[in-house]
Visitor: 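One structure follows; several queries about it will come next.
Here the structure is a predicted model, which means the values were calculated and not measured. Convention: sequence-line order gives letters A, B, ...; per-chain numbering from 1.
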There are 2 protein chains.
Amino acid sequence: MGRWQPDARVRLQEAALALYGERGYEETTVAGIAERAGLTKRTFFRYFTDKREVLFWGSELLEQQMVAAIEAAPASASALGLIGAALDAAAVRFEEVREFAGTRHRIIAASRELQERELIKAASLAAAMAGALRARGLGDTAATLAALMGTTIMHVAFKRWVDDPDQTPFQQIARDALAQLREIASTG
Amino acid sequence: MGRWQPDARVRLQEAALALYGERGYEETTVAGIAERAGLTKRTFFRYFTDKREVLFWGSELLEQQMVAAIEAAPASASALGLIGAALDAAAVRFEEVREFAGTRHRIIAASRELQERELIKAASLAAAMAGALRARGLGDTAATLAALMGTTIMHVAFKRWVDDPDQTPFQQIARDALAQLREIASTG
DNA sequence: AACCTGATGTCACCTGGTGCCATCACCCTA
DNA sequence: TAGGGTGATGGCACCAGGTGACATCAGGTT
């Protein structure tokens, strides 16, 4: 047992999630989070670049897994087939963290600042997927559009998923949404 | 000629655009913008809620025009047909401000904070368009997806438009992108 | 001439965020 | 066992974004 507990980052995340949930994001101060975690404001900013980022730890991992799914898909896959594979990968991860997903989602939905951060994370994810699609031979525009459709589907499906009383699997919701998107795009 | 010039808001916008362009967004201070406009920091924050918003004045107008275009479209229009109408409305507005569009776009592209703000503006626009689509009888998911495809197209097309040396009209670029999206969605 | 109103300035204050240096527990080595 | 790294943390000063409260002042109104 040293001077510092080994899991400072996790403690900060838990403290932040708790306080954001109890008092709301804006009403919570970084000093308050740090205090609850037994640390100081200065240390908080060593682990997280800002007050928002503490809720988005792990988004790089999701990005990597979705990109990997695109890379690993069979050569015959179409653009949206590749997107489907990426969404399946996301589904696995989402089900793992279902316990916290609802709370986290409500917190973000209540704060414009946090929504902004979430949107830029999605944009980053789309850029990464677009890169993977280009690497598989898709044209620039096609790759970009397909990737953005992917994050669109993910976003819409995620909202439905956390609000669904039946706890329908994310994968199923996402597939339905993808099918519906196809239908919309092919009509008229 | 009173104590105050009548166009404080415009002066602040021009000062901000100039300074963001010259020194960059992060290196520019609100006090500096205000000084350049012959005002004070406090007055800046009476016109704009924060340092980012000064670049997004007029986005409500664009939103209204795109929504109006959806409402005014012929009854026979499909979901993506309605989106096309909204994009045509956007095209008119974009061509009006082409002069500043490039500078503004470069400034935003250089700042993560500003990209976040732009993304949430797009999300707000998508929500407004989705509302208009629902009002025309589309289902909830279809309306949301179609609206998000609309902002996706707008985003992609806008980037191409400002970078295009041939100054191809926005409308044409957007229509091409929309057609390509249709193709992607109907393949595989 | 007194009054009202709206735009602005002034000032104090809080919080997010950062740079710099001190501190202290632990580990390694002589 | 003493001493010297090393890395995580604390402490402090500071800057900038943002806000509330109050003063000021020009112009129009009565």
Visitor: Nearest-Å distance, CG (A:L12) to P (D:dA8)?
Guide: 14 Å
Visitor: What verdict does the side-chain contact (heavy atoms from CB on, under 4.5 Å) test give for B:F56 and B:I120, after you've listed the backbone C-alpha separation in whole Å, the side-chain angles of each residue and the deciding distance to 0.1 Å?
Guide: CA-CA 11 Å; B:F56 295 90; B:I120 207 170; over 6 Å; no
Visitor: Under a single-linkage definition using a 4.5 Å side-chain heavy-atom cutoff for Ile, Leu, Val, Met, Phe, Trp and Tyr, are A:M149 and A:F158 assigned to the same hydrophobic cluster?
Guide: yes
Visitor: Ignoring backbone atoms, establish whether B:T43 has a side-chain N or O less than 4.0 Å from OP1 or OP2 of C:dG9.
Guide: yes
Visitor: Please list all pairs meeting salt bridge (Lys or Arg N to Asp or Glu O under 4.0 Å) that have one or both residues in residues 36-49 of chain B, counting only residues at least two apart or in different chains.
Guide: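 Counting only pairs at least two positions apart or across chains, the salt bridge (Lys or Arg N to Asp or Glu O under 4.0 Å) contacts touching residues 36-49 of chain B are B:E22-B:R36.
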Visitor: Please work out if B:G32 contacts a base, only the sugar-phosphate, or nothing of the nucleic acid, heavy-atom cut-off 4.0 Å.
Guide: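 Here B:G32 touches no strand at all.
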Visitor: Looking at B:Y47, does any N or O in its side chain come under 4.0 Å of the phosphate oxygens OP1/OP2 on C:dT8?
Guide: yes
Visitor: Measuring to OP1 and OP2 of C:dG9, would you say a side-chain N or O of B:T40 lies under 4.0 angstrom away?
Guide: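 True: B:T40 side-chain N/O within range (under 4.0 Å) of C:dG9 OP1/OP2.
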Visitor: In whole angstrom, give the distance that lies between atom CZ of A:R9 and atom C1' of D:dT9.
Guide: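 One finds 15 Å between C1' of D:dT9 and CZ of A:R9, rounded.
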Visitor: Measure from NZ or CZ of B:R112 to the centre of the six-membered ring of B:Y25, then state whether that distance is under 6.0 Å and the direction lies within 45° of the axis.
Guide: no
Visitor: Applying salt bridge (Lys or Arg N to Asp or Glu O under 4.0 Å) as the test, list every pair that has at least one member in residues 161-186 of chain A; sequence neighbours left out.
Guide: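 Every pair satisfying salt bridge (Lys or Arg N to Asp or Glu O under 4.0 Å) with a residue in residues 161-186 of chain A: A:D88-A:R175.
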Visitor: Can you confirm if the NZ or CZ of B:R106 lies within 45° of the ring axis of B:Y20 and under 6.0 Å from the centre of its six-membered ring?
Guide: no
Visitor: Any chance you could list the contact pattern along nucleotides 13-20 of chain C? Use B for base contacts, S for sugar-phosphate-only contacts and - for none, protein heavy atoms under 4.0 Å, 5' to 3'.
Guide: ---BBBBB
